[in-house]
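Residue indices begin at 1 and follow the sequence shown.
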Amino acid sequence: MLIPSQRLMPWLLLLLLDIPTSVKTQVNPAICRYPLGMSGGHIPDEDISASSQWSESTAAKYGRLGSEDGDGAWCPEVPVEPDDLKEFLEVDLHELHFITLVGTQGRHAGGHGNEFAPMYKINYSRDGTRWISWQNRHGRQVLEGNTNPYDIVLKDLEPPIIGRFIRFIPVTDHSTNVCLRVELYGCVWLDGLVSYNTPAGQQLVLPDGNMIYLNDSIYDGYSMTEGLGQLTDGVSGLDDFSQSHEYHVWPGYDYVGWSNESTTNGHVEITFEFDRIRNFTTMKVHCNNMFAKGVKIFKEVQCYFRSDATEWEPNTVSSLLVLDDVNPSARFVTVPLFHRMANAIKCQFYFADTWMMFSEITFQSDTAMYNNSGSLPESSVTPTIYDPTLKVDDSNTRILIGCLVAIIFILVAIIVIILWRQFWQKMLEKASRRMLDDEMTVSLSLPSESNMFRHSSSTPSSEQETNSTYDRIFPLGVDYQEPSRLIRKLPEFIPGEDEAGCSGITKPTQPNGAEGVPHYAEADIVNLQGVTGSNTYSVPAITMDLLYGKEVAVAEFPRKLLTFKEKLGEGQFGEVHLCEVEGMERFVDQDSVLDGNVTQPVLLAVKMLRADANKNARNDFLKEIKIMSKLKDPNIIRLLAVCITDDPLCMITEYMENGDLNQFLSRQEPQNLSESSTPPVSYANLKLIAIQIASGMKYLSSLNFVHRDLATRNCLVGKNYTIKIADFGMSRNLYSGDYYRIQGRAVLPIRWMSWESILLGKFTTASDVWAFGVTLWETFTFCREQPYSQLSDEQVIENTGEFFRNQGRQTYLPQPPFCPDPVYKLMLNCWRRDTKARPSFQEIHCFLQEATTS
């Protein structure tokens, strides 16, 4: 226990009941992927060195990715021998950087060179004296390099590197000449943290006997001193500490944890060393809070500061926390540091339960040598440092003022340009909705201007140069042209009446079909952000007029009757929980059919908005409630009740006992389909599932409501194969691999999206029809693989470019083994390039109802 002191002023931190996952770490590895200047020339020649060089024309300065200057690359003086790691290419970044990605090339030299490094290692240093060998999360140090001299090979560094000096060391299994061109991707390491010292993590044995290893497995120091590791890798741990973001690692991998029983003073002490004296504002600690298993956020932290190498200052900063025994979610805890000046911080974290686990610690600070700020709380006041030898030089004051004024004018001009551009972008979107993404347009729709996607492995790299950042970070491999199992050509399909007698299913849809609105209509769409911050509903203005503006047609539900069981998903603005609810029979109308007995506790989904969400998010949440309360269809998840009288705002929806369709089908064990035997889920069951999905989408399309994320992960399964369409999939970590993040933009389910949605940003009922075709394909493959599983995300995007160019080179998903020809032809019709030629959901529903196994 801490001894009270009159000079110690505790500061209370109130923890919200939700997970503040929108609080980002100092560095986000998914976004920190910017080229650092080898290819662009921002790194000067004098900052690139090497162990040796074959000639002046292959010096280190020519080892720039994508450049053919000199003789085309850096080449060492002698051939590289196996196990000989003397040769290296070194880059000095002058300050610490967080490096997440590296790229390499060999020497092509317009066809005159054929040298490359088939493998390589990376060494790095933060001070230029102590060098560290990078290794991946499984302990492997060697990275696979190039297979030819011209292609760019990109490798994600997991874990990332925090360093200033980076060395590329060629590795071979036989004596050979090698040459290298390289690029580093990342961003500046703003923390300034160069090392931390912490007690070794410990092992936790669960009641079921499973062992949880809570050691810092990627720490690059000696005996937990003078290094960095998992507390600075930019990866925040999951709510369940036994689970991990990484595959094939041991339980507890994302966390470093300690037991209270192993300490004598009730706290864990961690010392942080920084590159210089800094003005610290806050410290953010990501903690686990599974209190049911004896793990809690620390109850108190006391931090000491040091501005020199002698001793710790007597004035400390102490913070007491209000503990959260309601929500077991992991979260960031922000500790104010009150602008204390130091180049080292020692923090003592006090246990609130048996275990304490951290996955990430970051600092916010300014690199300032002197503290001239105003008064601070008594417990955190640091004496102002005064240097009597410091002389003020006023000779350049006027020049400095002039520069500042010029900078201000430049910033104002940039702001005006940005605002003007945003204004015209909105005008153009409203006028035509055909704006292409600046980078993707060059890469996909105008092949004559950019050759990002290679169609021949022998094309010289000089002919493949592009100015697109997207191209440089995501070049395609040479194997794109011939994925082995995919169909390269759309089979001929004669329009007319199909085998099952559902007239019109293959005919181009007329602008005004039986649905009352054209299924491909580009109405004035109102974008509505979902609670998880990921999904966006598209609702035409006319539909908003019909649904919005009325009173909410559901009742207020007593929050105390909600029992949280499991978190289904999370996002920027909130989260989705699976809750057990009692007394639901008093709040449902006669039309609602719950998946269970309403007189008994039932499982329902609860969407919860973060209490600190901004005003726009709150307004969108209330709009979503009003719209969802009007949607009533047997195959659409129903909104049953709300909790909106106080924070956090909640909406309570149906949930189905068998979970989502993707997991439900993947759990089935169909027999060998090649032997024509009957699987446990029969064709009739699959057809029933497809009919219900089509029925729900027919209802939504009758309102011209665009779902934008139709997939098996967003379909829930109840008793007797009852299907209801929902929207939880995007918020679940389980399906993070189904979404592609474009830097600076939202995540997109590109493997389910139509070509016009990806390239033109057009979301209509016709694009939902495309997604239905992919969902149907998932269903008949029992969700055993991801759509286009043999294509990378970039190759999927390139394939949509082939749809746009319409030159007959587009790739279609193959026919599943258990899928009859008529159903597969339906899928192909859903994927037609012309939106007007795709069937409507009413036609799809008709076809599936009348289709037979013949």
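- Residues F772 and W752 have side chains not in contact (no heavy-atom distance under 4.5 Å, counting atoms from C-beta outward).
- Remark: R838 fails to qualify as a cation-pi partner of W831 under the 6.0 Å distance and 45° angle criteria applied to the six-membered ring.
- The backbone N or O of G773 sits nowhere less than 3.5 Å from a side-chain atom of E778 that would complete a donor-acceptor pair.
- The closest side-chain heavy-atom distance from F705 to M697 is not below 4.5 Å.
- Between atom CG of residue L686 and atom CG of residue L665 there is a gap of 7.0 Å, rounded to the nearest 0.5 Å.
- Using a 4.5 Å cut-off on side-chain heavy atoms (C-beta onward), F841 and L700 make no contact.
- The aromatic rings of Y683 and F780 lie tilted to each other, with the angle between the two planes from 30° to 60°.
- Distance alone, capped at 3.5 Å, is enough to place a donor-acceptor pair between the H707 side chain and the A726 backbone.
- Once rounded to the nearest 0.5 Å, the distance linking CG of N799 with CD of Q795 reads 9.5 Å.
- Nearest heavy-atom pair, T800 versus W755, reported as atom, atom and distance to 0.1 Å: O-CB, 3.8 Å.
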>> Assess the residue pair L639 and L631 against the criterion (side-chain contact (heavy atoms from CB on, under 4.5 Å)); give the C-alpha distance rounded to whole Å, side-chain angles, the decisive distance to 0.1 Å, and a yes or no.
In response: CA-CA 8 Å; L639 177 64; L631 297 180; over 6 Å; no
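- At distances below 3.5 Å, at least one donor-acceptor pair connects side-chain atoms of T779 with backbone N or O atoms of T775.
- Within the 3.5 Å criterion, the main-chain N or O of I723 finds a donor-acceptor partner in the side chain of N635.
- Across every non-hydrogen atom of P749 and R708, the tightest pair is CG-O, 4.2 Å.
- Under 3.5 Å, the side chains of Y739 and D709 contain a donor-acceptor pair of N or O atoms.
- Under the rule for a side-chain hydrogen bond (donor to acceptor under 3.5 Å, both in side chains), D768 has no partner lying at least two apart in sequence or in another chain.
- A cation-pi geometry, defined here as NZ or CZ lying under 6.0 Å from the six-membered ring centre and within 45° of its normal, does not hold between R833 and F803.
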>> Assess the residue pair K607 and E624 against the criterion (salt bridge (Lys or Arg N to Asp or Glu O under 4.0 Å)); give the C-alpha distance rounded to whole Å, side-chain angles, the decisive distance to 0.1 Å, and a yes or no.
In response: CA-CA 11 Å; K607 288 186 176 183; E624 183 180 4; 2.9 Å; yes
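- The main-chain N or O of Y824 is never found under 3.5 Å from a side-chain atom of Q815 such that the two would form a donor-acceptor pair.
- For the pair S789 (side chain) and E785 (backbone), a donor-acceptor distance under 3.5 Å is absent.
- One distance of note links SG of C715 with CG of L710; it measures 5.5 Å at 0.5 Å rounding.
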>> Using side-chain hydrogen bond (donor to acceptor under 3.5 Å, both in side chains), reason through S840 and Q842 one step at a time and then give a plain yes or no.
In response: CA-CA 5 Å; S840 68; Q842 181 171 354; 5.4 Å; no
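- Here the closest non-hydrogen pair linking P820 and F818 is CD-O, 3.6 Å.
- Minimum interatomic distance between T764 and V706 (heavy atoms only, all atoms of both residues): O-CG1, 3.6 Å.
- Taking 4.5 Å as the limit, some side-chain heavy atom of L826 sits within range of a side-chain heavy atom of L776.
- A distance-only check finds no donor-acceptor pair linking the side chain of R638 to the backbone of E654 [under 3.5 Å].
- Side-chain atoms of T781 do not come within 3.5 Å of backbone N or O of P816 as any donor-acceptor pair.
- Looking at heavy atoms from C-beta onward, T712 lies out of side-chain contact with D660 at the 4.5 angstrom threshold.
- In this structure, the separation between CD1 on I636 and CD on Q692 is 11.0 Å, given to the nearest 0.5 Å.
- A donor-acceptor contact under 3.5 angstrom links the side chains of D151 and N148, judged on distance only.
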>> Using the rule given for side-chain contact (heavy atoms from CB on, under 4.5 Å), can you reason through V606 versus V576, listing the C-alpha separation, both sets of side-chain angles and the distance that settles it, and then say yes or no?
In response: CA-CA 6 Å; V606 177; V576 183; over 6 Å; no
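- Considering only residues two or more places apart in sequence or on other chains, D738 meets the salt bridge (Lys or Arg N to Asp or Glu O under 4.0 Å) condition with R713.
- Checked by atom type and distance alone, the side chain of E802 never pairs as donor or acceptor with a backbone atom of R809 at under 3.5 Å.
- Looking at heavy atoms from C-beta onward, I725 lies out of side-chain contact with D633 at the 4.5 angstrom threshold.
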> Going through the checks in order, is the side-chain contact (heavy atoms from CB on, under 4.5 Å) test met by D793 and I797?
Replying inline: CA-CA 6 Å; D793 287 340; I797 296 175; 5.5 Å; no
>> Checking L640 against T653 for the side-chain contact (heavy atoms from CB on, under 4.5 Å) test, could you report, in this order, the C-alpha distance in whole Å, the side-chain angles of both residues, the deciding distance, and whether it holds?
In response: CA-CA 5 Å; L640 302 175; T653 69; 5.8 Å; no
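- A heavy-atom distance below 4.5 Å is found between the side chains of F621 and M651.
- How far CD of E850 is from CZ of F847: 9.5 Å, rounded to the nearest 0.5 Å.
- N658 places a side-chain N or O within donor-acceptor distance of the main-chain N or O of G718, the cut-off being under 3.5 Å.
- Taking CG from N662 and CZ from R667, the interatomic distance works out to 9.5 Å, rounded to the nearest 0.5 Å.
- Of the charged side-chain nitrogens involved, at least one lies within less than 4.0 Å of a carboxylate oxygen, so that R33 and D156 count as a salt-bridged pair.
- Heavy-atom minimum distance, I750 versus I758: O-CD1, 3.6 Å.
- Minimum interatomic distance between I844 and A694 (heavy atoms only, all atoms of both residues): CG2-CB, 4.0 Å.
- A heavy-atom distance below 4.5 Å is found between the side chains of E756 and S767.
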